[in-house]
**Q** 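Okay, handing you the structure first.
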2 protein chains.
Amino acid sequence: MSIHNNAHSSSLDRSSLERLAAVFRAFGDATRLALLQELKSGARSVNELQTALGTSQANISRQLKVLHEAGLLSRERRGAQVFYAISEPLVMDICEAACRKLNREAVLAPAPRMAFAS
Amino acid sequence: MSIHNNAHSSSLDRSSLERLAAVFRAFGDATRLALLQELKSGARSVNELQTALGTSQANISRQLKVLHEAGLLSRERRGAQVFYAISEPLVMDICEAACRKLNREAVLAPAPRMAFAS
DNA sequence: TACTTATATAAGTAGTTACGTATATGTCAA
DNA sequence: TTGACATATACGTAACTACTTATATAAGTA
């Protein structure tokens, strides 16, 4: 946008780095990644996600809130239920890129290959 | 590797999700992102990074350790100095993808555009 | 209205994290 | 060896995080 911080700039100021770090922190928990994985195939209600993950409803709801506030999930109420969905494909692209990073390490130190997208 | 967890699988088990989350947490701090940004243009010594970031030597050293243990940085001793470098281009690709995510949000809620790579 | 189901939030707790200050370790040179 | 410089670690602290249990809010139905 400005001369000092646009798409061609190579340096982000502290507050941009803080916002970027906040996005990464939203990804930085296994329970939240499990939620994203469940949502990969489409929108789910809180109840469906709770059944799939097997943890408490309160915890599911809170972690969904974290993901939603980070802009990773959309939220839609349908009657008494609330459906969450991945807000845009780019969210899964980020997961995929991180998976590739881990899989490359596994070349020398073999470990199970992992992928978010098929 | 196995039938239940390979490159075509769409479901990661808990321990894989934990490892993935750990990678994201390594990215999830503004100081560490600032270090990565400095290293984008090549290897730097701890001292150079300290001067560039302006925070304490102890903190720089500790955050570099976090990044190194997460597999994001390589480490090489040259005499009394230690040089850190980004371990592979994919590391910056992950940052770039997260930047794109933030920039898309900015379309509706304008904010400075940000990018790691030029 | 009351009752049920679905989701969100509050309060408490144990564990983690980022940082400052101080100290230890490592490398080189005299 | 001693001293100077470079880097790493130990310790303490304040803030944050993930979770559990309990409760509150919201929507639908009788």
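All chains are named by letter (A, B, ...) in the order of the sequence lines, taking the proteins before the strands, and each is independently numbered beginning at 1. Quick caveat: nothing in here was measured; it's all calculated off a predicted structure.
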**Q** Please tabulate the protein-to-nucleotide N/O contacts below 3.5 Å involving nucleotides 15-19 of chain C, giving atom names and distances.
**A**
residue: C:dA18; atom: OP1; partner: B:Arg32; partner atom: NH1; Å: 3.4
residue: C:dA18; atom: OP1; partner: B:Arg32; partner atom: NH2; Å: 2.8
residue: C:dA18; atom: OP2; partner: B:Arg32; partner atom: NH1; Å: 3.1
residue: C:dC19; atom: OP1; partner: B:Thr31; partner atom: OG1; Å: 3.0
residue: C:dC19; atom: OP2; partner: B:Asn59; partner atom: OD1; Å: 3.2
residue: C:dC19; atom: OP2; partner: B:Asn59; partner atom: ND2; Å: 3.1
residue: C:dC19; atom: OP2; partner: B:Gln63; partner atom: NE2; Å: 3.3
residue: C:dC19; atom: O5'; partner: B:Asn59; partner atom: ND2; Å: 3.3

**Q** Considering residues at least two apart in sequence or located in another chain, which fulfil the side-chain contact (heavy atoms from CB on, under 4.5 Å) criterion with B:Ser15?
**A**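 For B:Ser15, the residues satisfying side-chain contact (heavy atoms from CB on, under 4.5 Å) (neighbours in sequence not counted) are B:Asp13.
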**Q** Identify, with sequence neighbours excluded, every residue that meets side-chain contact (heavy atoms from CB on, under 4.5 Å) alongside B:Gln57.
**A**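 B:Gln57: side-chain contact (heavy atoms from CB on, under 4.5 Å) contacts with B:Val46, B:Gln50, B:Ser61.
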**Q** What nucleic acid atoms does B:Phe83 come within less than 4.0 Å of, heavy atoms only: base, sugar-phosphate, or nothing?
**A**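 The answer is nothing, as B:Phe83 stays clear of every strand by at least 4.0 Å.
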**Q** Given atom CG of B:Leu64 and atom C1' of D:dT9, what is their separation to the nearest angstrom?
**A**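 Atom CG in B:Leu64 sits about 14 Å away from atom C1' in D:dT9.
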**Q** B:Ile60 has an atom CD1; how far is it from atom C1' of C:dG20, in whole Å?
**A**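 These atoms are roughly 14 Å apart.
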**Q** Using side-chain contact (heavy atoms from CB on, under 4.5 Å) as the criterion, list what pairs up with B:Ala58, not counting sequence neighbours.
**A**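 Expected list: B:Ser56, B:Arg62.
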**Q** Looking only at atom types and distance, does a side-chain atom of A:Arg78 sit under 3.5 Å from a main-chain N or O of A:Ala80, one as donor and one as acceptor?
**A**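 Pair absent, no side-chain N/O of A:Arg78 close to backbone of A:Ala80.
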**Q** What are the two closest heavy atoms between B:Val91 and B:Leu72, and how far apart are they?
**A**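 Residues B:Val91 and B:Leu72, closest heavy atoms: CG2-O, 3.9 Å.
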**Q** Who pairs with A:Glu48 by salt bridge (charged side-chain N to carboxylate O under 4.0 Å, His left out), at least two apart in sequence or on another chain?
**A**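 With sequence neighbours excluded, A:Glu48 shows a salt bridge (charged side-chain N to carboxylate O under 4.0 Å, His left out) to no residue whatsoever.
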**Q** Under the ring-ring contact (aromatic ring centres under 6.0 Å, His included) rule, what pairs show up with a residue in residues 17-56 of chain B, not counting sequence neighbours?
**A**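 Counting only pairs at least two positions apart or across chains, the ring-ring contact (aromatic ring centres under 6.0 Å, His included) contacts touching residues 17-56 of chain B are A:Phe24-B:Phe27, A:Phe27-B:Phe24.
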**Q** How would you list all residue pairs meeting salt bridge (Lys or Arg N to Asp or Glu O under 4.0 Å) that involve residues 16-33 of chain B, not counting sequence neighbours?
**A**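 Checked against salt bridge (Lys or Arg N to Asp or Glu O under 4.0 Å) - neighbours excluded - the pairs reaching residues 16-33 of chain B are B:Arg14-B:Glu18.
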**Q** When you check the phosphate oxygens OP1 and OP2 of C:dA8, does a side-chain N or O of A:Tyr84 lie under 4.0 Å from one of them?
**A**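 Affirmative; the distance criterion is met.
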**Q** Going by side-chain contact (heavy atoms from CB on, under 4.5 Å), name the residues that satisfy it together with A:Ser74, two or more places apart in sequence or in a different chain.
**A**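 side-chain contact (heavy atoms from CB on, under 4.5 Å) check on A:Ser74 returns A:Ala85.
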**Q** Calculate the interatomic distance between B:Leu53 atom CG and C:dG20 atom P; express it in whole Å.
**A**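 These atoms are roughly 12 Å apart.
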**Q** Got a sec? Which of residues 70-80 of chain A come in under 4.0 Å of DNA chain C, heavy atoms?
**A**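 By residue number: A:Arg75, A:Ala80.
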**Q** Tell me: CG of A:Asn47 to C1' of D:dA26, nearest whole Å?
**A**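 These atoms are roughly 15 Å apart.
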**Q** Ignoring backbone atoms, test whether B:Lys65 places a side-chain nitrogen or oxygen under 4.0 Å from the OP1 or OP2 oxygen of D:dA8.
**A**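 Looking at the OP1 and OP2 atoms of D:dA8, neither is under 4.0 Å from any side-chain N or O of B:Lys65.
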**Q** Nearest whole Å is fine: how far is C:dT7 C1' from A:Leu49 CG?
**A**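 Value for this atom pair: 12 Å.
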**Q** Specify the separation, in whole Å, of atom CZ of B:Arg44 and atom P of D:dA6.
**A**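 Rounding to the nearest Å, CZ of B:Arg44 and P of D:dA6 are 17 Å apart.
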**Q** Quick test of your reading: applying salt bridge (Lys or Arg N to Asp or Glu O under 4.0 Å), list the pairs with at least one residue in residues 63-75 of chain A, sequence neighbours left out, ordered by first then second residue.
**A**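 As it turns out, there is no salt bridge (Lys or Arg N to Asp or Glu O under 4.0 Å) pair with a partner in residues 63-75 of chain A once direct neighbours are skipped.
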**Q** Calculate the interatomic distance between B:Gln81 atom CD and D:dC5 atom C1'; express it in whole Å.
**A**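 So the two atoms are 10 Å apart, to the nearest Å.
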**Q** Nearest to the side chain of A:Val46 - D:dT7, D:dT21, C:dT7?
**A**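 Looking only at heavy atoms from C-beta outward on A:Val46, the closest nucleotide is C:dT7.
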**Q** Show every ring-ring contact (aromatic ring centres under 6.0 Å, His included) that has at least one partner inside residues 43-93 of chain A, sequence neighbours left out.
**A**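 As it turns out, there is no ring-ring contact (aromatic ring centres under 6.0 Å, His included) pair with a partner in residues 43-93 of chain A once direct neighbours are skipped.
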**Q** Would you kindly give the CD-to-C1' distance between A:Gln50 and C:dT5, to the nearest whole Å?
**A**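 In whole Å, C:dT5 C1' and A:Gln50 CD are 12 Å from each other.
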**Q** Test for a donor-acceptor pair under 3.5 Å between the base of D:dA8 and the side chain of B:Gln57, counting only N and O atoms.
**A**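 For B:Gln57, whose side chain was compared with the base of D:dA8, there is a donor-acceptor pair (under 3.5 Å).
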**Q** For residues A:Lys101 and A:Glu105, report the shortest heavy-atom separation together with the two atoms involved.
**A**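 In terms of heavy atoms, the two residues are closest at NZ-OE2, 2.9 Å.
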**Q** Bend across the helix from C:dT1-D:dA30 to C:dA30-D:dT1, to 10°, with axes taken over 5 pairs at each end?
**A**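 Rounded to the nearest 10 degrees, the bend comes out at 10°.
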